[in-house]
**Student:** 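Here it is, the structure in full.
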Number of protein chains: 2
Amino acid sequence: MLALTVKANTSLELTVTYAGNTNATIDDVAKRAHVSAMTVSRYLNDTGPVAAKTAQRIHAAIVDLNYIPHQGARALAARKTNTIGLILPEMNDIFFFQLIRGVQQAIAGQQIDLLLYSAATRGKPDVLNLPLGPHNTDGLLVFTDGLDETTLRRLHAKQFPIVMLYRTPPADLEIPTVLIENRQGAYDMVTHLVRCGHNRIAFLAGSADNEDAVWREAGYREALAAHELALISPLCASADFDEAAAANVVTHWLATGQEMDAIFAADDVSAHGAIRAVQAAGLGVPDDIAVVGFDDALLSQYIDPPLTTVRAPTEEAGRRAAAQLLRLIEGDSAELLTLLPTEIIIRQSCGWLSSNADTSQNHPTTKPD
Amino acid sequence: MLALTVKANTSLELTVTYAGNTNATIDDVAKRAHVSAMTVSRYLNDTGPVAAKTAQRIHAAIVDLNYIPHQGARALAARKTNTIGLILPEMNDIFFFQLIRGVQQAIAGQQIDLLLYSAATRGKPDVLNLPLGPHNTDGLLVFTDGLDETTLRRLHAKQFPIVMLYRTPPADLEIPTVLIENRQGAYDMVTHLVRCGHNRIAFLAGSADNEDAVWREAGYREALAAHELALISPLCASADFDEAAAANVVTHWLATGQEMDAIFAADDVSAHGAIRAVQAAGLGVPDDIAVVGFDDALLSQYIDPPLTTVRAPTEEAGRRAAAQLLRLIEGDSAELLTLLPTEIIIRQSCGWLSSNADTSQNHPTTKPD
DNA sequence: TCATATAATGTTAGCGCTAACTGTTAAGGC
DNA sequence: GCCTTAACAGTTAGCGCTAACATTATATGA
């Protein structure tokens, strides 16, 4: 079991090797407890009555033998893996932790494992390269575009339990989905900017193929209309959720003499770019131009000035999605759509305090309307 | 498959329910390709010769049937799960992503799944409540204190492959371990502070029961000795890796007239607290007192002033640990100790630029020494 | 041409567990 | 006492796959 290897050209190196290992089976436990394997199974899964005395003997045998049921065998016999899968397109932000933590909360104490797959490091899954599916999970949580539509359709056709997160499923597929209020959040943010006294509000949109981006722009447009503000076409440009692109757009606006008193960026990253561009032009945020974002990224409270933004309940999204999936797996009904509210986080980049503190009006601090 | 439910007291709600699903088995594939199941198995696992024509037919059958091998059955028959487990004590920092990403890189393209368990949300695992182990994985990556010593010993006694991360195993257990150069990193940082011109260097230690903390303090003490600086006892206090505690200690130092020109915090969080305390006392960082940390946390480059700190190669740690584990699983030998070098990240809080830029000396920018 | 190697496939058994069924025993009602 | 009912335990079969061995086709060399 322990092998010492001396390499001639280096100093002494310690290495280990293991031989194959063996584990106690349910039959071992059964023999030691003087019952049949089936009774042990009943004891373990609570699928039938077991006399107190028998249960004690079984328990003792399990402890003595360090017995842990083999999941593969269980999955095979019971046709259930007790595992759910989470497919993420990537993993590079605190955001995903909140999501994962939510999922773990939902499965806590239920003897369910979480298999994690992130497309970023292993390539996009497709029909014949499916890392997670009916073969190793009871159901799947699919975040945004972690899974292509073909695979999604195929799994759905097999009636495999799936819950989607932050992505609307194809219109003809009845897949339960958890979404956040992108449209309403954007609408609320514009309303807040208006209340701050801004009325020439520019918009840095995200990529057109991004679902979040589309809804956020829709909310922006609706809010402008609702507040009877004209949409100034040149002031609504795409920044692709990119910091440099956002900075470029804003710099161009300023150079061409576009007038604006606020910039609403469709995400915090482009808001960051916008702030830098405004400051680089010698203007102040929020005094000359207010800048707000969307997402409440980890860094947004630390940048200068601290960013006013829209926050989504990520952890709860994970929790709710997992809960729906568990219902689906149990054969219960799940809600087709769970829409979670967003919340405006007011910091300093919107100019709320500087322009309104002196009016002494009684405004809520975090969620005005 | 789709059930519409109308709840009397609310509006129309859409819900879905799924019935059980069925999947193609290896026998279905075998029949369709007019071969035996064994040949399909050979084709899939490359465990024996299969004629080109036969392979084609099998491939076609697999595609036609959307066949994916059942992992449970595989695990049962082959006595191998093709899954590794990662046990984390918690998941609340970008740090863990780097780790996970490293692990995923190591298993990429090898048909190995990653089972994730975080103790924080599901309670510490113990002997009879083992979420990950021989029953569902081929081996385990244990980060710091994700697993208690008893369980560790039990698994090790079964010769179950384990690799530990950031934690030294009990002295009598030959468990391969991946550690970072805490001691050397701290030593290097003190050396850097000395080069910056500081010689009264305070230390904010971590908790005594934390392995990282112990080594970092050891490195600090060694470096002081090496540079013939006296250890000023009152200036070496525990801040427990806590921001508020660190701020308190520093405030107390300043209030009691302790003289120092630099503070070395054993992690970035307490460094942050130290900076705030120094600034709150009306002093400047680094001009009056330099402050440096350890870890290179995500936020450290954004705080004011940007923090000089020690960075560990987290992603590589994950990669190396997983690689060692795979070797162990294959029955190959694994290195008992992998020690990864740390790197000093010089930003502004150490006073390097302000005190040395004018000397025009040719210093490396990130890694002195 | 036939032995002999090797490529290609098939057969059998069993991995460890649980579903579905079949007993067996004890308790309670009349 | 007998029958019913439930509590409790055992038996049988098979989940889907692969290890180990057995067998057959094909190629190679003397």
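Labels below follow one simple rule: chain letters A, B, ... track the order of the sequence lines, proteins then strands, and each chain is numbered from 1.
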**Student:** At less than 4.0 Å, is any side-chain N or O atom of B:Thr25 found next to OP1 or OP2 of D:dG16? Yes or no.
**Tutor:** no
**Student:** Any donor and acceptor pair, going by atom type alone, linking the side chain of A:Thr47 with main-chain N or O of A:Asn45 inside 3.5 Å?
**Tutor:** no
**Student:** Using whole Å, what does the distance between atom P of nucleotide C:dC17 and atom CD1 of A:Ile58 come to?
**Tutor:** 13 Å
**Student:** Expressed as a whole number of angstroms, how long is the span from B:His70:NE2 to D:dT18:C1'?
**Tutor:** 15 Å
**Student:** Counting any heavy atom closer than 4.0 Å, what does B:Thr47 reach on the DNA or RNA strands: base, sugar-phosphate only, or nothing?
**Tutor:** nothing
**Student:** Examine distances only and state if a side-chain atom of B:Arg327 and a backbone atom of B:Ser333 form a donor-acceptor pair shorter than 3.5 Å.
**Tutor:** yes
**Student:** Given 3.5 Å as the limit, does a donor-acceptor pair link the side chain of A:Asn136 with the main chain of A:Gly133, or not?
**Tutor:** yes
**Student:** Would you mind reading off the distance between A:Met38 atom CE and C:dG23 atom P, rounded to a whole angstrom?
**Tutor:** 17 Å
**Student:** Between C:dG10, C:dA8, C:dT18, which one does the side chain of B:Ser36 approach most closely?
**Tutor:** C:dG10
**Student:** Please work out whether the ring planes of B:Phe143 and B:Tyr166 are parallel, tilted or perpendicular, with thresholds of 30° and 60°.
**Tutor:** tilted
**Student:** Got a donor-acceptor contact below 3.5 angstrom from the B:Asp138 side chain to the B:Ile84 backbone?
**Tutor:** no
**Student:** Taking OP1 and OP2 of D:dA9, is either one under 4.0 Å from a side-chain nitrogen or oxygen of A:Thr54?
**Tutor:** yes
**Student:** Could you tell me how far apart A:Leu44 (CG) and C:dC17 (P) are, to the nearest whole angstrom?
**Tutor:** 9 Å
**Student:** A:Lys31 has an atom NZ; how far is it from atom P of C:dC17, in whole Å?
**Tutor:** 12 Å
**Student:** Measure from CG on A:Asp28 to C1' on C:dC15 and round the result to the nearest Å.
**Tutor:** 13 Å
**Student:** Any side-chain N or O of A:Tyr43 under 4.0 Å from OP1/OP2 of C:dC17?
**Tutor:** no
**Student:** Taking B:Val50's backbone N and O only, do any of them form a donor-acceptor pair with B:Arg42's side chain (distance below 3.5 Å, no angle check)?
**Tutor:** no
**Student:** Using distance alone, with no hydrogens and no angle criterion, decide if A:Asn66 and B:Arg154 have a side-chain donor and acceptor under 3.5 Å apart.
**Tutor:** yes
**Student:** For B:Asn45 and D:dA20, what is the distance between atoms CG and P respectively, to the nearest whole Å?
**Tutor:** 14 Å
**Student:** Which nucleotide in the set C:dT18, C:dC17, C:dT9 lies at the smallest distance from any side-chain heavy atom of A:Ala37?
**Tutor:** C:dT18
**Student:** For residues 71-81 of chain A, which residues have at least one heavy atom under 4.0 Å from DNA chain D?
**Tutor:** A:Leu76, A:Ala77, A:Arg79
**Student:** B:Lys53 NZ to D:dA25 C1': how many Å, rounded?
**Tutor:** 15 Å
